[in-house]
Amino acid sequence: MHALQTAIARCLGRAVLLGLAGLMCASAAGNAAPLRIVAIGASNTHGWYVGNQGAYPAQLEALLRAKGIDAQVTNAGVPFETTGMMLRRVDKDVPNGTDIVILEPGGNDRRFFVSKEQRAANIAEMERRLQARSISVIVYDEEMPLRYRAFDLIHFTHQGHAIIAAALLPRVMEILDRRRSDVLPRRNGRHHRGHDPAPWWGWPI
């Protein structure tokens, strides 16, 4: 009888420990910070003709959330801007705590007679400033085929924005994989002291 009581007590003890562990994991996931992304660009980033909800930042956020990643993609596109204008506001429009910036420099530099050299220098300076703040930068500067542009041959259609979001997704995932690899050794180093941090962005690692 005593042996049976001891066995029951052990089973109950294990159940309690498992329950506590489950609650701790749920709490950690609930407290995990969202993945914060800011998209800097001009009218195409803003969503000319398709609106903010049709533009690639919103479509990228939906793709990330479909993968179970708690992502917040802020649309910081301003119509008619050149890369020089983006450079002047990048520090203000990218708040502390941002994880990734997507820079879509667009074609206004060419329309406003900004040289290729100055355009490249502006993009490089934005990258430098953001990386100095430990923010990862993705520059999306690919040419969009005309069939995915609106009648003005400048702004992207909804499908064009979907193409950009799909192209950005693996680049964002690559950054997350790289950062996850950096976090794992630190998690393992602290595990024996009971300080296992919450997984990033609600994405179990």
Side-chain angles (χ1 to χ4, degrees), residues 34-66 69-175:
L35 172 65
R36 293 184 174 90
I37 300 175
V38 176
I40 296 284
S43 55
N44 269 317
T45 296
H46 180 74
W48 199 276
Y49 292 132
V50 300
N52 275 176
Q53 292 307 307
Y56 74 83
Q59 294 200 42
L60 175 62
E61 179 178 289
L63 291 176
L64 288 165
R65 287 182 176 272
I69 298 170
D70 182 14
Q72 295 178 358
V73 184
T74 300
N75 189 326
V78 178
F80 306 109
E81 279 205 337
T82 63
T83 56
M85 296 173 184
M86 296 175 202
L87 175 59
R88 285 194 287 274
R89 68 180 173 91
V90 70
D91 295 323
K92 172 177 66 70
D93 283 3
V94 179
N96 292 333
T98 299
D99 300 295
I100 300 172
V101 163
I102 297 167
L103 174 60
E104 199 264 309
N108 285 335
D109 283 10
R110 182 172 64 253
R111 298 181 188 97
F112 292 105
F113 307 106
V114 177
S115 70
K116 292 181 179 179
E117 293 76 15
Q118 185 59 57
R119 182 179 190 268
N122 291 339
I123 293 170
E125 177 62 14
M126 282 188 274
E127 288 187 90
R128 186 196 67 78
R129 290 188 187 180
L130 294 165
Q131 290 168 352
R133 296 168 58 191
S134 300
I135 299 171
S136 298
V137 182
I138 298 173
V139 178
Y140 186 87
D141 201 21
E142 282 75 3
E143 187 68 22
M144 181 65 66
L146 290 179
R147 65 182 179 276
Y148 300 120
R149 293 179 184 266
F151 64 91
D152 62 5
L153 302 182
I154 295 173
H155 297 100
F156 306 146
T157 63
H158 190 278
Q159 190 174 2
H161 283 278
I163 289 171
I164 297 175
L168 289 170
L169 180 63
R171 297 171 70 173
V172 171
M173 298 302 294
E174 181 181 356
I175 292 172

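All values reported here derive from a predicted model rather than from experimental measurement.
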**Report entry** Backbone N/O of I37 and side chain of D99: donor-acceptor pair under 3.5 Å
**Finding:** no
Query raised in the report: Rounded to the nearest 0.5 Å, how far apart are CD1 of I135 and CE of M126?
Result: 13.5 Å
Query raised in the report: Between A166 and P170, which heavy-atom pair has the shortest distance, and what is it?
Result: O-CD, 3.1 Å
Query raised in the report: Is any side-chain heavy atom of L35 less than 4.5 Å from a side-chain heavy atom of V172?
Result: yes
Query raised in the report: Shortest non-hydrogen contact from A58 to Q53?
Result: CB-O, 3.6 Å
Query raised in the report: Say you draw a straight line from CD of E125 to CD of E127; how long is it, rounded to the nearest 0.5 Å?
Result: 10.5 Å
**Report entry** Chi angles and distances behind the side-chain contact (heavy atoms from CB on, under 4.5 Å) call for I175, I138
**Finding:** CA-CA 10 Å; I175 292 172; I138 298 173; 3.8 Å; yes
Query raised in the report: Is the backbone of H46 close enough, under 3.5 Å, to the side chain of N52 for a donor and an acceptor to pair up by distance?
Result: yes
Query - Considering all heavy atoms, the nearest V50-T157 contact - result: CG1-C, 4.0 Å
Report task. Considering non-hydrogen atoms only, spot the tightest contact between I40 and T45 and give its length. Result -> O-OG1, 4.1 Å
Requested in this report: Would you give the length of the straight line joining atom CZ of R36 to atom OG1 of T74, rounded to the nearest 0.5 angstrom?
Outcome: 9.0 Å
**Report entry** Donor-acceptor under 3.5 Å (R149 side chain, I154 main chain)
**Finding:** yes
Report task. With side-chain contact (heavy atoms from CB on, under 4.5 Å) as the test, would you mind laying out the steps for I102 and L60 before giving the verdict? Result -> CA-CA 11 Å; I102 297 167; L60 175 62; 3.3 Å; yes
Query raised in the report: Just by distance, do the side chain of D109 and the backbone of T83 share a donor-acceptor pair under 3.5 Å?
Result: yes
**Report entry** CG on D93 to CG on N75, rounded to 0.5 Å
**Finding:** 11.0 Å
Requested in this report: Over 60° means perpendicular and under 30° means parallel, so classify the ring planes of H161 and F156, tilted if in between.
Outcome: perpendicular
Report task. State, without any angle test, whether R119 and N122 hold a side-chain donor-acceptor pair at a distance under 3.5 Å. Result -> no
Query raised in the report: Do the side chain of E104 and the main chain of A42 share a donor and acceptor less than 3.5 angstrom apart?
Result: no
Requested in this report: With side-chain contact (heavy atoms from CB on, under 4.5 Å) as the test, would you mind laying out the steps for L64 and M173 before giving the verdict?
Outcome: CA-CA 9 Å; L64 288 165; M173 298 302 294; 4.1 Å; yes
Query raised in the report: For the atom pair CE (M144) and NE2 (H155), what is the distance rounded to the nearest 0.5 Å?
Result: 12.5 Å
Report task. Begin from the C-alpha positions of R147 and Q159 and carry the test side-chain contact (heavy atoms from CB on, under 4.5 Å) through to its verdict. Result -> CA-CA 10 Å; R147 65 182 179 276; Q159 190 174 2; over 6 Å; no
Report summary line: Minimal heavy-atom distance between N108 and F80, with the atoms involved, is ND2-C, 3.3 Å
Report task. Decide, yes or no, whether a salt bridge links E174 with R171 under the criterion of side-chain N to carboxylate O below 4.0 Å. Result -> no
Query raised in the report: Hey, what do you get for OH (Y56) to CG (L168), rounding to the nearest 0.5 Å?
Result: 7.0 Å
Report summary line: For R129 and L87, the nearest pair of non-hydrogen atoms, with its separation, is NH1-O, 3.5 Å
